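Remarks on the structure that follows.
Quick caveat: nothing in here was measured; it's all calculated off a predicted structure.
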Amino acid sequence: MSKSHLLTAVVLGFAFTPLSAQHLNTTLLQHWKRTGSSTNHNDVWGMTTPAGKEFAICGERLGISILDATDPRSVRQVGWFTAPGGSSVYTWRDYTSLGKYFYAVSEHYRGIRVFEIQANGTPKDHGYVQTSTITSAHNIRCDPATGHLYVVGGNNRGLAIFDASLTPTNPKFISIWNSAYVHDACIRRGKAYVCTGRGYQTRILNVSNPRSISQIGTCRTQSGYNHAAWVSDDDKILCVTDEIARNGVTPHMTVWDISNASQPVKRGDYDPGGGAIAHNVFVIGRSAYMSYYINGFHLIDLANPANPTKIASYDTSSRTTPGYYGAWGCFPFQDSGVIYVSDMQNGFYSVQVNCGHMNRFGMGTAGSAGIPHARFDGAAPRIGASKLRFEIKNLEPNQLFWIVGSTGAAPTPMTLLGAKVNIDLATAIIVGPVTANANGTASVSSPVPNNPGLGNARVYLQLFSHRGNGSLTSSRGMWAGICR
């Protein structure tokens, strides 16, 4: 079977159970709020441990909660850490994670606070480090490839850079870039995308040598408050949010073509109307994930950058008047695909996206490069998605692999040729074999027919890669719904 028509084969080969409907293509798994918590919650971040356990870190005015969210329907607090500095409403907290460590900063207190998720699943507070360098900070980001931390805003205005690769509980200071105030940043693959607030621009910087940073290009948003940005996995699309709804400025997200980073081109705007204020944005493949204050969480298809289109949302707030209320943060990067949303008044939400998004379950079987892993790119899975493809990594280099589609999860997980099987093989359609390249990666085109009858179909998938010795490695089980 042609590898270029995977989802076509799967969705036409079975009759699927329709998706549930709540809000827009989403389902609430759990709403959690700490007993006795304040009403001023802030950001949320997450991590997936090598053992597959998932944790969230959530801030509020009085401190920080760490949650075990491995079961997203039964989230439980495993740590509560009060914060010094009183209970100012301006005690904003932000986080990032590297490996088994969370890093937290605040505009109300000095230093970087370091937390470790220990092997038994309990968090350990390593306290504050770099307190003489960081008096306050608005946010903290990381480059997973280098283990560098980037502290933004606060007393240092720009980017204060630290190396956590060798000493994760005591990151070492490298340098400060202070050519402009930085409100937020995304750092990936040697570039930093820094938002300058009332500087009305997102600057693209070369940070491959953090001691000698240079500017590559600029995305000028012209007005408003240039708040947050995130880049696509192929470094071609940049999404930028404006956090303001005053003085006639239209609140929105802009989409930029940065294929030539020295000359970014604005391609489109996303503004659902109603005057709600945009906040944070993240990108996976060709999908943008936004926290949108009173509009809640939005998932946007970027297949056509000139026409960003909402395909899923979950409203965490009952407020209807535009303002700084509702969804402050979202975190879309957990391996399970569960989305975390933090609401300023209402606390933490774990949300399932029922279409247009990859969800994972069960355990995979690692090979020489780890557990095979696939994500969507080119488009979100929706009717008529001609550009949709799988980007696959951690396959056995130069070995055959198969993509198996099914009607559902395995009634009982089993093992086949040494590999864990998470989907129902009794109704399987097999696509392949396909050969991985020398890096153990592959790109498989998977367009969806322009057939309205496929709307709300749910597809179950799993990857199997040949080890070369008669056994297999396997991905986790995966499922996604086809959006109308």
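- Contact of the I64 side chain with the C58 side chain is not registered, since no non-hydrogen atoms from C-beta on lie closer than 4.5 Å.
- Look at D377 and R389 and you find a salt bridge, because one of the NZ, NE, NH1 or NH2 atoms lies within 4.0 Å of a carboxylate O, short of that distance.
- The backbone N or O of G59 lies less than 3.5 Å from a partner atom in the side chain of Y95, making a donor-acceptor pair.
- Each of V194, N139, V105 was checked for a side chain to side chain contact (heavy atoms under 4.5 Å, CB included) with V152, and the lone residue meeting it is N139.
- Of the possible polar contacts, one joining the D301 side chain to the A380 backbone as a donor-acceptor pair under 3.5 Å is found.
- Taken to the nearest 0.5 Å, the OG1 atom of T254 stands 14.0 Å off from the OH atom of Y270.
- Between the side chain of N226 and the backbone N or O of T196, at least one donor-acceptor pair lies under 3.5 Å.
- Using modelled atom types, one finds a donor on one side chain and an acceptor on the other under 3.5 Å when comparing E391 with S443.
- Of the candidates K53, R375, R360, D335 forms a salt bridge (charged side-chain N to carboxylate O under 4.0 Å, His left out) with just one, namely R360.
- Within a 6.0 Å sphere centred on CZ of R73, heavy atoms belonging to other residues, nucleotides or ligands number 12 at most.
- The shortest distance between side-chain heavy atoms of R286 and S232 falls below 4.5 Å.
- The shortest distance between side-chain heavy atoms of I258 and V231 falls below 4.5 Å.
- Residues S317 and D343 are in side-chain contact: their nearest non-hydrogen atoms beyond the backbone lie under 4.5 Å apart.
- Side chains of T365 and T473: no donor on one and acceptor on the other come within 3.5 Å.
- For the side chain to side chain contact (heavy atoms under 4.5 Å, CB included) with P171, the qualifying choice from D163, L98, L166, V129 is V129, the only one to do so.
- For an aromatic pair to be called close, the ring centres must be under 6.0 Å apart, and Y150 with F162 fails this.
- Look at D235 and K191 and you find no salt bridge, because none of the NZ, NE, NH1 or NH2 atoms lies under 4.0 Å from a carboxylate O.
- H227 places no side-chain N or O within donor-acceptor distance of the main-chain N or O of E243, the cut-off being under 3.5 Å.
- Under the 30°/60° scheme for interplanar angles, the aromatic rings of H183 and Y225 are found to stand perpendicular.
- A donor-acceptor contact shorter than 3.5 Å is absent between the side chain of T96 and the backbone of Y103.
- Taking all atoms of both residues into account, the shortest heavy-atom contact from A56 to Y340 is CB-CE1, 3.6 Å.
- Remark: R319 is positioned above the aromatic ring of Y325, its terminal NZ or CZ atom under 6.0 angstrom from the ring centre and at most 45 degrees off the axis.
- Here the closest heavy-atom approach between residue P372 and residue S475 is recorded as O-CB, 3.1 Å.
- For R467 and E396, the salt-bridge test fails: no basic side-chain N is under 4.0 Å from an acidic carboxylate O.
- Between H357 and F376, the distance from one ring center to the other does not fall under 6.0 angstrom.
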Yes or no on side-chain contact (heavy atoms from CB on, under 4.5 Å) for I134 and T131, after CA distance, side-chain angles and deciding distance?
CA-CA 5 Å; I134 303 297; T131 55; over 6 Å; no
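- Neither side chain, Q399 nor S465, offers a donor N or O lying under 3.5 Å from an acceptor on the other.
- With rounding to the nearest 0.5 Å, the separation of SG in C195 from CG in D242 is 9.0 Å.
- Sparse packing is recorded around NZ of K236, with 12 or fewer heavy atoms of other residues, nucleotides or ligands lying under 6.0 Å away.
- Taking 4.5 Å as the limit, every side-chain heavy atom of E54 sits out of range of all side-chain heavy atoms of D68.
- Below 30°, between 30° and 60°, or above 60°: for Y314 and H23 the angle between ring planes is between 30° and 60°, a tilted geometry.
- Side-chain atoms of I176 and I161, non-hydrogen and from C-beta on, never get closer than 4.5 Å to each other.
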Passes side-chain hydrogen bond (donor to acceptor under 3.5 Å, both in side chains), Q345 versus H41? Steps please.
CA-CA 6 Å; Q345 288 71 46; H41 297 84; over 6 Å; no
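- Side chain to side chain, T82 and W80 fail the donor-acceptor criterion of an N or O pair below 3.5 Å.
- Between W45 and F282, the distance separating the two ring centers is shorter than 6.0 angstrom.
- Side-chain polar atoms of T27 and N354 form a donor-acceptor pair below 3.5 angstrom.
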Which is it for M47 and I117 under the side-chain contact (heavy atoms from CB on, under 4.5 Å) test, yes or no, and what are the steps along the way?
CA-CA 10 Å; M47 72 162 67; I117 300 298; 3.8 Å; yes
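- Between I204 and P264, the closest side-chain pair of non-hydrogen atoms falls below 4.5 Å.
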Could you check L238 against T202 for side-chain contact (heavy atoms from CB on, under 4.5 Å), going step by step and ending with a plain yes or no?
CA-CA 10 Å; L238 185 73; T202 298; 4.0 Å; yes
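- Residues N439 and T441 have side chains that never bring a donor and an acceptor to within less than 3.5 angstrom of each other.
- In this structure, S342 contributes its side chain and N42 its backbone to a donor-acceptor pair below 3.5 Å.
- Shortest non-hydrogen contact noted between Q462 and K420 is NE2-O, 3.0 Å.
- Across all non-hydrogen atoms, the minimal contact from A327 to V341 is CB-CG1, 3.9 Å.
- Taking the six-membered ring for Trp and the full ring otherwise, F401 and F464 have centroids separated by 6.0 Å or more.
- The aromatic rings of Y293 and W328 sit perpendicular, their planes meeting at an angle over 60°, well past the 30° parallel limit.
- Between the N295 side chain and the A276 main chain, no donor and acceptor come within less than 3.5 Å of each other.
- Note: H108 and W92 fail the aromatic proximity criterion, with ring centroids not under 6.0 Å apart.
- Shown here for A137 and V151, the closest heavy-atom pair between the two residues is CB-CG1, 3.3 Å.
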Any chance you could lay out the ring pair (Phe, Tyr, Trp, His ring centres under 6.0 Å) test for F115 and Y101, step after step, and finish with the verdict?
CA-CA 6 Å; F115 297 98; Y101 297 95; over 10 Å; no
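- Between Y292 and F297, the ring centre distance reaches or exceeds 6.0 Å.
- With hydrogens and angles disregarded, a donor-acceptor distance shorter than 3.5 Å links the side chain of R93 to the backbone of R61.
- Using a 4.0 Å cut-off between charged nitrogen and carboxylate oxygen, R141 and D94 do not count as a salt-bridge pair.
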Given S287 and L299, is the side-chain contact (heavy atoms from CB on, under 4.5 Å) satisfied, shown in steps?
CA-CA 7 Å; S287 298; L299 171 59; 3.8 Å; yes
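- Proximity of L24 to K310: side-chain heavy atoms (C-beta onward) are separated by under 4.5 Å at one or more points.
- Panel note: side chain N346, backbone T316; a donor-acceptor pair is recorded below 3.5 Å.
- Side chain of R476 to backbone of G362: a donor-acceptor contact under 3.5 angstrom is found.
- Taking the six-membered ring for Trp and the full ring otherwise, H298 and Y289 have centroids separated by 6.0 Å or more.
- Counting only N and O atoms by type, the side chains of Q30 and S350 include no donor and acceptor under 3.5 Å apart.
- Residues M290 and T241 approach most closely at CE-CG2, 3.9 Å, considering heavy atoms.
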